Each structure stands twice: as structure tokens, then as C-alpha cells.
2 protein chains.
Amino acid sequence: MKKTIYESPYVTADTVIFTIQDNELKVLLIKRTNPPFKDYPALPGVFLLKNESARDAAVRALQTKAGLPRQVKAGVKVGYLEQLYTFDSRFRDPRGHTISITYFALVPHDSLKINQNKKLQSPKLYPLNKPGHLAFDHKEIISLALMRLHSKLQYTNVVYSLLPKYFTLFELQNTYEIIFGKKLDKRNFRKKYLSLGLIKSTRMRREGIRQRPAQLYEFRSRKPEALKKFF
Amino acid sequence: MKKTIYESPYVTADTVIFTIQDNELKVLLIKRTNPPFKDYPALPGVFLLKNESARDAAVRALQTKAGLPRQVKAGVKVGYLEQLYTFDSRFRDPRGHTISITYFALVPHDSLKINQNKKLQSPKLYPLNKPGHLAFDHKEIISLALMRLHSKLQYTNVVYSLLPKYFTLFELQNTYEIIFGKKLDKRNFRKKYLSLGLIKSTRMRREGIRQRPAQLYEFRSRKPEALKKFF
DNA sequence: CCAAAAGTGTTGACTGTACACCCATGT
DNA sequence: ACATGGGTGTACAGTCAACACTTTTGG
């Protein structure tokens with residue numbers, strides 16, 4: 001078949017995982033142990049195996065490079081995972097033409113247990129605003145992922161994938177504030193969000209802290225859906 | 001390098017070109033001359049050449065399979081071209097694992113001169129609603145492209161790429177009506193569209209038809225931009 | 001009782017939508 | 001003269017943004 005005429009480029013899958021930690025939006029990166037870009041931070045990624053789908057490869061990268069638990073496979077622990085874009089410039093990898101099918105993931109911080117293991121490439125959460133150089137075109141990939149995050153939050157319910165099962169309205173509001181980088185009005189936020197019908201209140205309250213306890217809410221559905229109205 | 005360990009999948013670029021003809025939204029398809037799926041309609045696509053970018057390959061497919069003129073290269077004649085999605089299922093091509101980086105294009109019908117040539121694979125415009133089987137997963141690709149078209153029209157100015165340089169407000173409105181499949185109110189449409197500031201009126205009018213001549217408008221800019229407000 | 005966050009309504013500005021008639025031209 | 005699409009304004013409803021005080025708890 002064509003293989004004899006056309007020499008395929010190499011194909012990798014790289015994933016941008018976002019999570020919120022310490023009131024900051026962070027990305028999971030590893031440190032490269034081999035050239036090119038040895039010692040630079042990079043997105044966890046792998047070359048596709050024969051007959052492996054890009055999505056499976058993306059998940060495999062999360063397990064083998066970033067030390068995420070196996071359940072990732074079933075989608076249990078990664079709140080959200082979707083294809084982002086395919087980067088295919090001839091010059092993005094000095095080793096030869098390598099296209100990267102990139103993925104975009106959201107994980108609630110409390111379920112992101114990063115396995116620290118000698119065999120892994122020191123996966124760590126990096127704040128987004130710190131400049132610093134990254135391997136390959138990974139900075140560009142992350143900035144595209146950030147744009148995607150912004151727009152997804154505006155017309156879908158995927159915030160659920162950054163929050164634990166139960167959360168307060170303020171924690172929800174805070175998530176938006178961190179990601180969009182601006183303060184929102186508490187009353188307007190509650191009114192609007194409750195009117196979307198995405199969440200329902202539980203009888204539980206967040207207790208044991210020294211203020212008035214807040215009511216806990218949960219999402220009616222934790223499957224991605226488009227909103228009728230914009231958030 | 002990795003090539004010895006990982007066997008790359010084949011890589012193709014396939015393009016969904018939309019245009020409006022006879023008050024209908026249509027896609028440009030070719031008829032396959034070889035198995036698999038011989039004689040089925042398919043998106044124009046090619047295997048990537050060594051070191052060729054996917055976008056260049058997509059354009060090459062338009063030229064060599066669909067007979068579009070050379071200017072396509074410079075982006076002159078294709079109003080709009082963007083990457084759509086990468087389809088990578090192991091099973092989409094019976095010949096072996098073949099990933100397809102798909103593109104999404106909009107062309108004004110009057111600048112789409114389809115070259116009919118024995119060497120080409122009978123490119124034709126197909127109405128979108130006709131069912132009929134397509135090669136590979138191309139039906140799925142087209143339906144994703146259609147969704148993308150709908151959303152792009154709502155938050156960007158890319159309609160310009162379906163219209164000739166000068167057009168009447170009614171022609172513009174009609175384009176939206178065809179794509180969204182519903183009638184719009186003339187007065188509201190004009191008010192809203194003019195308030196977006198994307199178009200400006202010219203002194204010219206559409207003459208020689210048997211009604212009152214309509215004013216011709218043109219886009220201020222024919223570069224893709226996101227709208228501040230939704231359309 | 002004090003600190004800290006929780007919770008709660010109203011108003012004015014703006015935006016979207018529904019709706020009907022006269023106008024200019026070619027035949 | 002008539003058929004055809006071109007062109008125009010108003011009123012109501014819904015949505016968005018701005019804004020401040022009382023409540024509940026732990027310490």
C-alpha cells in the first residue's frame with residue numbers, strides 16, 4: 001500500500017491537564033530526561049503504538065509519564081478529556097516530522113494523586129503564568145488549551161470536572177474567578193447559576209470551619225452537556 | 001529513533017468544503033475510483049508527503065482531487081480554511097490504521113470553479129441532506145463540520161467566506177437562513193447585523209432585476225475575527 | 001462579642017423579539 | 001398596473017449589572 005510511496009510522519013499524543021490548586025490554575029508537566037530539550041518541562045506524551053487510538057495513547061501517557069492511577073483508563077478519575085488540536089509543523093521536533101494529537105483534560109485537584117516514582121519523569125503541577133521555556137511547541141499547545149478552557153466554561157457544564165462531588169457555591173464561583181482572572185458578583189453569580197439548573201443543593205453543609213457553614217451543592221449530571229444559554 | 005520501535009499509522013488530510021449553491025448548502029465530494037469504497041462519494045483527501053504539513057496536504061487534495069485552481073495555495077480563493085478534528089480510530093480504514101487530519105473550508109460559490117478533468121475523480125457538489133452512503137467515516141466527518149459551521153457563524157465573521165465581495169443584506173440574511181434552516185425577521189436581522197459593524201454599505205446597487213434595486217454591502221475585513229457579541 | 005464568610009432583592013440599562021406597511025423598479 | 005423584493009420603527013419582555021446589609025457559626 002501507500003506506505004511504500006509515502007513515508008508517514010511520526011505520531012504522538014500529548015495531554016494538557018488542568019487542575020486548580022491553592023487558588024491557582026495549574027498544568028501537569030514532566031521534566032524531560034532525554035534530548036531533545038533534556039531537562040525542560042514538557043507535556044506528558046507518548047508515541048502511538050501500532051493500532052492504538054490517540055485517546056488511548058493520551059491516557060497511557062498520563063499513566064506512564066505522569067503517574068496517574070489506572071482508573072484513568074475508565075475515565076473515572078479524569079473528569080474530562082477531549083481532543084484539542086493536531087500540531088503538525090515540520091519543524092516542531094528536531095528529530096524529524098512528528099505530528100502531535102493533543103488532548104485537553106480537567107481534573108479536580110483532590111482526585112489527582114501524582115505518583116512520585118523514580119521511573120517517572122518527576123511530574124509536577126506548574127502555575128500557568130510563570131513564563132519559563134518549555135520543550136518543543138508545548139507552550140503554544142498550553143495556550144491553545146487555555147483558550148479552549150475559557151470557551152468550554154462559557155457554553156458547557158464542564159466545570160464539574162474541576163470540582164469535587166460536593167462543593168459550596170462560593171467554591172464554584174471561585175473556580176470561575178480563578179480561570180477568568182476576575183472577581184464576580186456573589187448575588188448575580190448565585191442567581192444566574194441556580195437558574196441554569198445544573199446543580200442541586202444537598203442537605204449537607206460544610207462544617208468545622210470558624211464561619212457560618214455553607215450549603216453543599218452537587219451537579220445533577222456529570223456528563224458534558226452544552227448549555228442552552230451562555231454562562 | 002523511535003521509528004524502530006513504534007510503527008506510525010498512515011496519515012491523511014481530508015477537507016470538507018462547504019458552499020452555497022441554488023439556495024442550498026452543499027459539500028464538495030469526489031467519487032472514489034479505487035477500493036476500498038470504490039465508486040462511493042468521499043471527501044477529497046491525500047496521504048501526507050514526507051515533511052508536508054497537514055494544511056498543505058489538504059490544499060493539495062483540493063487541487064489534485066477536486067480540481068480547484070492553484071490560487072487556492074495562497075488562500076486567495078478559499079475563503080476560509082481551518083483544522084477541524086483528527087479522526088484516528090483503528091477501524092476507519094480497512095487497509096490499516098490511518099489517521100485523518102480533517103479540514104473545514106468555506107468558499108463562495110461564484111469563485112468555486114470546479115475543474116472537470118479525466119484525471120480528477122469527478123468532483124461534484126452534493127446537497128447535505130441527501131442521505132446515501134459515503135466512504136470511510138466521511139459522513140461523520142461532514143456532520144462534525146456542519147456543527148462547526150453552525151458555531152463559527154455564531155461567534156465569528158466567517159460568513160464573509162461564503163459571499164462574493166459585494167452582496168445585498170438579503171443575500172447575507174439568506175445565507176444564515178439556509179445554514180440554520182429557519183427564517184429570520186428582516187428588520188431585526190438588519191438592525192442587529194448593522195450594529196455589529198462588520199459590513200459597510202457601498203454606493204452600488206444590484207440592478208437589472210425586475211424589483212427595486214438593493215444596496216450592495218461589503219465586509220470591512222475579510223480576515224477571521226471573533227465577535228464581541230454573539231450574532 | 002468578634003471575625004469571617006453565608007445568604008438575600010431591587011432597580012435601571014440594555015438586548016432580543018414580535019409585528020405591518022409603503023417604496024422603487026422592471027415588465 | 002402589478003409583481004417583487006427593498007426598506008423602515010415601536011413596544012414589550014427578558015436578561016444583565018450594579019449595589020449593602022443581616023445572619024450564622026467558631027473561637
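Note that this is a predicted model, so its numbers are computed, not measured. Note: hydrogens, waters and symmetry copies are ignored here, and every other heavy atom, side chains too, is used.
Aromatic ring orientation, A:Y155 versus A:F230: parallel (interplanar angle below 30°, classes split at 30° and 60°). Ring-plane geometry between A:F18 and A:F104 is classed as perpendicular, the angle between the planes exceeding 60 degrees on a 0 to 90 degree scale with a lower cut at 30.
When the side-chain nitrogen and oxygen atoms of B:R210 are compared with OP1 and OP2 of D:dA3, none of them lie within a distance under 4.0 Å. At D:dG7, none of the side-chain N or O atoms of B:R187 fall inside 4.0 Å of OP1 or OP2 (strictly under the cut-off). The side chain of B:R205 contributes an N or O atom lying less than 4.0 Å from OP1 or OP2 of C:dT25.
Distances were taken from every side-chain heavy atom of B:N188 (C-beta onward) to each of C:dT8, C:dA5, C:dA18; the shortest belongs to C:dA18. The side chain of A:A214 has C:dG7 as its nearest neighbour among D:dA18, C:dG7, D:dT25.
Base engagement by A:K191 is indicated by at least one non-hydrogen atom pair under 4.0 Å involving a base atom. At the heavy-atom level, B:I209 lies under 4.0 Å from the strands shown only through sugar-phosphate atoms. Residue-level contact check: B:E207 touches neither bases nor backbone, having no heavy atom under 4.0 Å from any strand.
Rounded to whole Å, atom C1' of D:dT24 lies 17 Å from atom CZ of A:R206. If you measure from atom CZ of B:F189 to atom C1' of C:dG16, you get 15 Å, rounded to the nearest angstrom. In this structure, A:N174 places its CG atom 14 Å from C1' of C:dA6, rounding to the nearest Å. Rounding to whole angstrom units, CG of residue A:L194 and P of C:dG9 are separated by 12 Å. Between A:L184 atom CG and D:dC16 atom C1' there is a gap of 13 Å when expressed in whole angstrom units. Look at CZ on B:F167: it is 20 Å from P on D:dG5, rounded to the nearest Å. Regarding B:Q173, its CD atom lies at a distance of 13 Å from the P atom of D:dG5, rounded to whole Å. Taking atom OH of B:Y193 as the reference point, atom C1' of C:dT15 lies 18 Å away to the nearest angstrom.
In terms of position along DNA chain D, the nucleotide closest to B:E171 lies nearer the 5' end than the nucleotide closest to the other residue of the pair B:E171 and B:D185. Each of B:P213 and A:T168 lies near DNA chain C, and the nucleotide nearest A:T168 is the one positioned closer to the 5' end. For the pair A:R212 and B:Y217, both in contact range of DNA chain D, the more 5′-proximal nearest nucleotide belongs to B:Y217.
If you check the side chains of B:S221 and B:E225, you find a donor sitting under 3.5 Å from an acceptor. At a cut-off of 3.5 Å, with distance as the only test, a side-chain donor of B:Y80 or B:E82 sits close to an acceptor on the other residue.
Taking 3.5 Å as the limit, the base of D:dG7 and the side chain of B:K186 contain a donor-acceptor pair of atoms between them.
Using a cutoff of 4.0 Å between basic side-chain nitrogens and carboxylate oxygens, A:R92 and A:E140 are not scored as salt-bridged.
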